[in-house]
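First comes the structure, then the notes that go with it.
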Amino acid sequence: MEKIILKVTEKDRMRLRELAKQQYEISQLPVMREREERWYRHNSCQGSCRGDYPLVVMEIKYCIDDYLDLECETEFARAVEKELLTQLVNHTLVDDDKVIPGYFTVYWDMDIRTFDLDMEEKRVTDNRGKSVGYTTIHHLENLEASFCKIGKTVRRADKEYTYRYKERVEEIFGDILPVKIKMPPSVNWMVSPSKKAIYLMGLESMMLAPYDCPERYQQLYGMLVDDVLETFQWMKREGLLCLNNGNDYAGAGSYGFTGELPSGQYLKTGEIELKDLWVNLNSQETLSISPDMYGAFYWPHYKRLAEQFGLVYYGCCEPTNPIWKDYLSTLDNLRKVSVSPWADDELMGEYLRGSKIIYSKKPSPNYLALDTPLNAEHYREHIKKSVLAARGCETEIIARDVYALYGDRHKLGQGVQIIREVLEKYW
């Protein structure tokens, strides 16, 4: 992939310094310290007993371009400007419970080519230029016949470029806003084997493989798990592993503030192991699979992965209640479980009430994603149902997957206000 030339104009420099100043000032507000303390209590399952309301996150990354008025001229400056503006927009127009960091993040320049096969997404756009769908090249559509295509995973990290990027940002505003290097958010999504299986095979082949070639299919999943673990060991050797126990993306929209990580061993050696990290696991692609088949074909691989890490966030858009009793509930290090729009809210409330596992509710995005003003009454009733179902559980509400605002930059902030009003009335 071609690198961005690290060039800025004087106009760009002044613009970025002003935005960095604004982010730093917001990060020092008392409300940010209060939110951070609530996240720590929440992730240790102490928030509810302390009288805290559930934390509310309104994810804006998929519709962020609808918020931004970029002014910088060079590609590099615009990339940095976008990151800074994302934090400012979140505070001024959304005002959920995210903590605005007092630093700027640069992510390791990494590329991982699983099995040396092209898994890049081929995207299409709608009439507004928005990316709305994608497919991939299905190298293993006929698993038996094409298994020989599987090669050795290619892993690359351009640390020199990452350091130069960080240094360039520091030259511009490091005296105002410190700069940190972290693992890219994509690391959260590279762990789950089902996502890779469907990219490689396609949905139809993936659904039929347990019948057509069960042994080969199990072999593929075993190889995918081994590959993930080998990738983390490679990251460790290369010095790329970073703790994600603070203001870090740790799950499908959630954050990793916890005093339970890293482990005591890290405090002795300073070396990061998998046991020091959160991991995000999901198997959205198998939602049509029966719980028994999930247990036979998928769970052993997911359990093996989960046990390698410190804390687990499980699930995304799939309903988790069908696989709760026999599978998910047996994980000792499970801390959060996704309760998606397709889950049974009430049943998940019964399962999680009184436990040390967080009810991570994902409201439907449909109320916020329409090309119409937000119907506050309907959204309020939708949120109320989940709030009542989750009472007695340590709860967070993570609103995601809004891809377009259709010009209404206040809609997501309005959604946050409605959620808080419902919590105040019914929690």
Side-chain angles (χ1 to χ4, degrees), residues 1-28 59-94 98 100-113 120-132 134 156-189 238-240 242 247-249 403-405 407 409 412:
M1 186 179 295
E2 189 174 345
K3 309 290 190 189
I4 296 176
I5 298 174
L6 307 181
K7 177 183 176 182
V8 295
T9 65
E10 183 58 26
K11 176 184 173 185
D12 292 343
R13 181 178 175 278
M14 298 306 296
R15 165 74 168 165
L16 296 178
R17 286 183 63 80
E18 176 56 34
L19 295 178
K21 179 183 176 184
Q22 292 179 38
Q23 178 175 326
Y24 183 78
E25 289 173 349
I26 292 170
S27 75
Q28 300 305 300
E59 200 167 85
I60 63 174
K61 67 177 182 178
Y62 295 117
C63 59
I64 188 61
D65 289 342
D66 288 352
Y67 277 112
L68 303 183
D69 299 310
L70 298 179
E71 298 180 13
C72 287
E73 299 171 338
T74 67
E75 185 180 9
F76 167 64
R78 288 170 74 86
V80 176
E81 181 185 23
K82 181 176 181 177
E83 294 299 320
L84 292 166
L85 282 174
T86 297
Q87 303 296 337
L88 302 182
V89 161
N90 199 95
H91 176 70
T92 57
L93 293 178
V94 179
K98 295 191 199 79
I100 305 303
Y103 55 84
F104 183 86
T105 302
V106 171
Y107 298 107
W108 287 118
D109 186 297
M110 290 170 47
D111 180 58
I112 299 167
R113 185 178 169 91
E120 289 187 9
E121 297 169 352
K122 311 300 180 183
R123 290 191 168 270
V124 295
T125 57
D126 62 13
N127 58 6
R128 295 168 293 115
K130 284 278 186 179
S131 177
V132 293
Y134 64 88
R156 178 199 62 80
D158 193 336
K159 291 194 282 188
E160 181 182 348
Y161 179 77
T162 304
Y163 290 134
R164 283 195 285 114
Y165 197 109
K166 177 178 182 285
E167 290 169 3
R168 191 71 184 97
V169 175
E170 288 175 327
E171 288 172 3
I172 299 168
F173 55 68
D175 58 323
I176 301 172
L177 190 66
V179 184
K180 291 185 179 183
I181 296 177
K182 294 189 177 186
M183 295 185 296
S186 58
V187 170
N188 284 279
W189 299 101
E238 292 292 321
L240 303 171
C242 304
N247 194 358
D248 302 284
Y249 196 82
Y403 284 82
L405 296 176
R409 293 184 172 185
L412 299 190

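Between the SG atom in Cys72 and the CG atom in Leu16 there is a gap of 4.0 Å [rounded to 0.5 Å]. One finds the CD atom of Glu238 at 4.5 Å from the NZ atom of Lys159 (value rounded to the nearest 0.5 Å). From Ile4, atom CD1 reaches atom CZ of Phe76 across 8.0 Å, with rounding to the nearest 0.5 Å. Interatomic distance, OH of Tyr24 versus CG of Leu177, reported as 8.5 Å (0.5 Å rounding). A distance of 5.0 Å separates CG in Leu85 from CG in Leu19, rounded to the nearest 0.5 Å. Here Phe173 contributes atom CZ and Met14 contributes atom CE; the two are 13.5 Å apart, rounded to the nearest 0.5 Å.
Taking the charged nitrogens against the carboxylate oxygens, Arg13 and Glu10 do have a contact shorter than 4.0 Å, which makes a salt bridge.
Enclosure of atom NZ in Lys7 is not indicated, since only 12 or fewer non-hydrogen atoms of other residues, nucleotides or ligands lie within 6.0 angstrom.
Among all heavy-atom pairs drawn from Ala157 and Leu240, the shortest one is CB-CD1, 3.7 Å. Considering every non-hydrogen atom in both Lys3 and Arg156, the closest pair reads NZ-NH1, 3.6 Å. Heavy atoms only, all atoms of each residue included: Val8 and Thr74 are closest at CA-OG1, 3.8 Å. Here the closest heavy-atom approach between residue Asn247 and residue Ile100 is recorded as ND2-C, 4.4 Å. Residues Lys98 and Asn90 share a closest heavy-atom pair of NZ-OD1, 2.6 Å. Here the closest non-hydrogen pair linking Met110 and Pro184 is SD-CD, 3.8 Å.
Shown are Val187, Asp158, Ile181; of these, the side-chain contact (heavy atoms from CB on, under 4.5 Å) with Trp108 is made only by Ile181.
Using modelled atom types, one side-chain atom of Asp12 and one backbone atom of Glu73 make a donor-acceptor pair closer than 3.5 Å. In this structure a side-chain-to-backbone donor-acceptor pair under 3.5 Å is missing from Glu83 to Phe104. Judged by distance alone, with hydrogens and angles left aside, the side-chain atoms of Gln23 form a donor-acceptor pair with the main-chain N or O of Pro101 at under 3.5 Å. Distance alone, capped at 3.5 Å, places no donor-acceptor pair between the Asp109 side chain and the Tyr161 backbone.
Under the side chain to side chain donor-acceptor pair (under 3.5 Å) criterion, Glu121 pairs with Arg123, Tyr199, not counting sequence neighbours. Glu171 meets the side chain to side chain contact (heavy atoms under 4.5 Å, CB included) test with Arg168; sequence neighbours excluded. Every residue meeting the side chain to side chain donor-acceptor pair (under 3.5 Å) condition with Tyr103, not counting sequence neighbours, appears here in chain and number order: Lys182. Under the rule for a side chain to side chain donor-acceptor pair (under 3.5 Å), the partners of Lys82 that lie at least two apart in sequence or sit in another chain are Asp65. Applying the side chain to side chain donor-acceptor pair (under 3.5 Å) test to Ser27 and every residue at least two apart in sequence or in another chain returns nothing.
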Given Leu88 and Tyr67, is the side-chain contact (heavy atoms from CB on, under 4.5 Å) satisfied, shown in steps?
CA-CA 10 Å; Leu88 302 182; Tyr67 277 112; over 6 Å; no
Might you work through the side-chain contact (heavy atoms from CB on, under 4.5 Å) test for Leu93 and Leu412, ending with a clear yes or no?
CA-CA 8 Å; Leu93 293 178; Leu412 299 190; over 6 Å; no
Under the side-chain contact (heavy atoms from CB on, under 4.5 Å) rule, what do Ser186 and Ile112 come out as? Steps first, then yes or no, please.
CA-CA 10 Å; Ser186 58; Ile112 299 167; over 6 Å; no
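Under the 30°/60° scheme for interplanar angles, the aromatic rings of Tyr62 and Tyr403 are found to lie parallel.
Sorted by first then second residue, the salt bridge (charged side-chain N to carboxylate O under 4.0 Å, His left out) pairs that include residues 16-26, not counting sequence neighbours, are Arg17-Asp175.
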